[in-house]
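Step one of this worksheet: look at the structure below.
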Amino acid sequence: QVQLVESGGGLVQPGGSLRLSCTASGSIFSINAMGWYRQAPGRQRELVAAINSGGSTNYEDSVTGRFAISKDNAKNTVYLQMNSLKPEDTAVYYCNVDGNRMKAWGSTWIKGDRFSSWGQGTQVTVSS
């Protein structure tokens with residue numbers, strides 16, 4: 001089982017900044033990609049930013065230039081630095097990690113089946 005723990009949400013004024021963190025733990029052999037999604041009331045969940053194992057990133061158009069995704073491979077942690085926040089950024093933010101579990105093979109471990117896990121969500125509210 002792979003668990004994700006998010007932190008860093010809160011209330012901030014327009015133009016302010018927040019940094020979200022998400023740490024994955026459990027039986028992880030490798031991570032293929034990590035991403036942040038958000039869901040506002042009455043709207044579908046949307047991808048905000050993602051980063052793959054090679055460090056390549058992609059962003060939703062409305063956050064390009066304001067948000068930055070990064071990761072710490074040693075800690076299995078992904079970050080989302082959010083600057084110049086706007087009221088329309090208000091949403092619950094979810095972390096997603098896609099990877100492969102560890103599988104026992106004799107006295108060692110090999111790549112096991114794939115997983116895709118979600119964090120519990122953290123509320124970000126941008127309001128004056």
Side-chain angles (χ1 to χ4, degrees):
Q1 193 78 345
V2 175
Q3 298 85 32
L4 304 185
V5 176
E6 302 175 15
S7 63
L11 173 65
V12 64
Q13 292 187 341
S17 297
L18 283 174
R19 188 192 196 207
L20 306 183
S21 300
C22 171
T23 298
S25 62
S27 182
I28 300 171
F29 182 86
S30 60
I31 292 177
N32 304 316
M34 308 176 90
W36 289 95
Y37 292 72
R38 66 186 178 188
Q39 188 166 18
R43 301 189 64 177
Q44 289 189 332
R45 190 174 297 189
E46 64 176 359
L47 176 66
V48 176
I51 184 167
N52 67 14
S53 58
S56 296
T57 59
N58 67 284
Y59 297 91
E60 195 269 327
D61 288 347
S62 70
V63 308
T64 299
R66 300 187 298 123
F67 291 9
I69 189 170
S70 61
K71 63 187 176 83
D72 184 331
N73 293 330
K75 298 180 179 179
N76 286 340
T77 298
V78 62
Y79 306 96
L80 184 68
Q81 178 66 44
M82 304 185 293
N83 300 324
S84 302
L85 282 161
K86 304 175 180 180
E88 51 264 43
D89 294 318
T90 296
V92 178
Y93 284 70
Y94 298 90
C95 159
N96 176 265
V97 174
D98 178 275
N100 289 85
R101 294 185 178 88
M102 299 175 72
K103 179 180 179 180
W105 185 264
S107 61
T108 189
W109 298 95
I110 61 173
K111 181 187 288 187
D113 62 339
R114 195 156 179 171
F115 70 87
S116 180
S117 293
W118 290 90
Q120 78 280 9
T122 185
Q123 177 70 46
V124 172
T125 302
V126 185
S127 176
S128 55

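Start at 1 with the first residue, then count along the sequence. Hydrogens, waters and symmetry mates play no part in the numbers below; they use all other heavy atoms, side chains included.
Both Leu18 and Val63 belong to a single network of hydrophobic side chains, linked directly or stepwise wherever heavy atoms of I, L, V, M, F, W or Y lie under 4.5 Å apart. Both Val97 and Val2 are part of a single hydrophobic cluster, where members link through side-chain heavy atoms under 4.5 Å apart. Hydrophobic clustering places Leu4 together with Leu20 (ILVMFWY residues linked when any side-chain heavy atoms are closer than 4.5 Å, directly or through intermediates). Residue Val48 is grouped with residue Ile51 when hydrophobic side chains (ILVMFWY) are merged at heavy-atom distances under 4.5 angstrom, including chains of intermediate members. In terms of hydrophobic clustering, with Ile, Leu, Val, Met, Phe, Trp and Tyr side chains grouped at heavy-atom distances under 4.5 Å, Val12 and Val92 are assigned to different clusters.
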Report the C-alpha separation of Thr122 and Ser7 in whole Å, then their side-chain angles, then the decisive distance to 0.1 Å, and conclude whether the side-chain contact (heavy atoms from CB on, under 4.5 Å) test is met. CA-CA 7 Å; Thr122 185; Ser7 63; over 6 Å; no
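Rounding to the nearest 0.5 Å gives a distance of 8.0 Å between CE of Met102 and OG1 of Thr108. How far OG of Ser27 is from CD of Gln1: 10.0 Å, rounded to the nearest 0.5 Å. Expressed to the nearest 0.5 Å, how far OH of Tyr94 lies from CD of Gln39 amounts to 5.5 Å.
Here the closest non-hydrogen pair linking Leu80 and Ala49 is CD1-CB, 4.1 Å. Contact record, Ala91 with Ala40: CB-N, 3.9 Å, taken as the closest heavy-atom pair. Residues Arg101 and Phe29 share a closest heavy-atom pair of O-CB, 3.3 Å. For the pair Pro14 and Ser128, the tightest heavy-atom approach, listed with the atom from each and the gap, is CD-N, 3.7 Å.
Looking at Asn96, its side chain never comes within 3.5 Å of a backbone N or O of Trp36 through a donor-acceptor pair. A donor-acceptor pair under 3.5 Å is formed between the side chain of Tyr59 and the backbone N or O of Ile69. Listed for the Asn52 side chain is no donor-acceptor partner under 3.5 Å among the backbone atoms of Ala33. Put simply, the side chain of Gln123 never gets that close to the backbone of Gly9: no donor and acceptor are under 3.5 Å apart.
With sequence neighbours left out, the side chain to side chain donor-acceptor pair (under 3.5 Å) criterion links Asp89 to Arg38, Arg66. Under the side chain to side chain donor-acceptor pair (under 3.5 Å) criterion, Asn73 pairs with Lys71, sequence neighbours left out.
Within the 4.5 Å cutoff, side-chain heavy atoms of Gln81 are placed close to those of Ser17. Between Asp98 and Arg114, the closest side-chain pair of non-hydrogen atoms falls below 4.5 Å. Phe67 is listed as a side-chain neighbour of Leu85, based on a closest heavy-atom distance under 4.5 Å. No side-chain heavy atom of Asn76 sits less than 4.5 Å from a side-chain heavy atom of Ser25.
Using a 3.5 Å distance cut-off with no hydrogens or angles, the side chains of Thr125 and Thr90 do not pair a donor with an acceptor.
Among residue pairs with one or both ends in residues 100-128, those qualifying as ring-ring contact (aromatic ring centres under 6.0 Å, His included) are Tyr37-Trp118; sequence neighbours excluded.
Lys103 has no carboxylate O lying under 4.0 Å from a charged side-chain N of Asp113, or vice versa, which leaves the two without a salt bridge.
Other residues, nucleotides and ligands contribute over 12 non-hydrogen atoms within 6.0 Å of the CD atom of Glu88.
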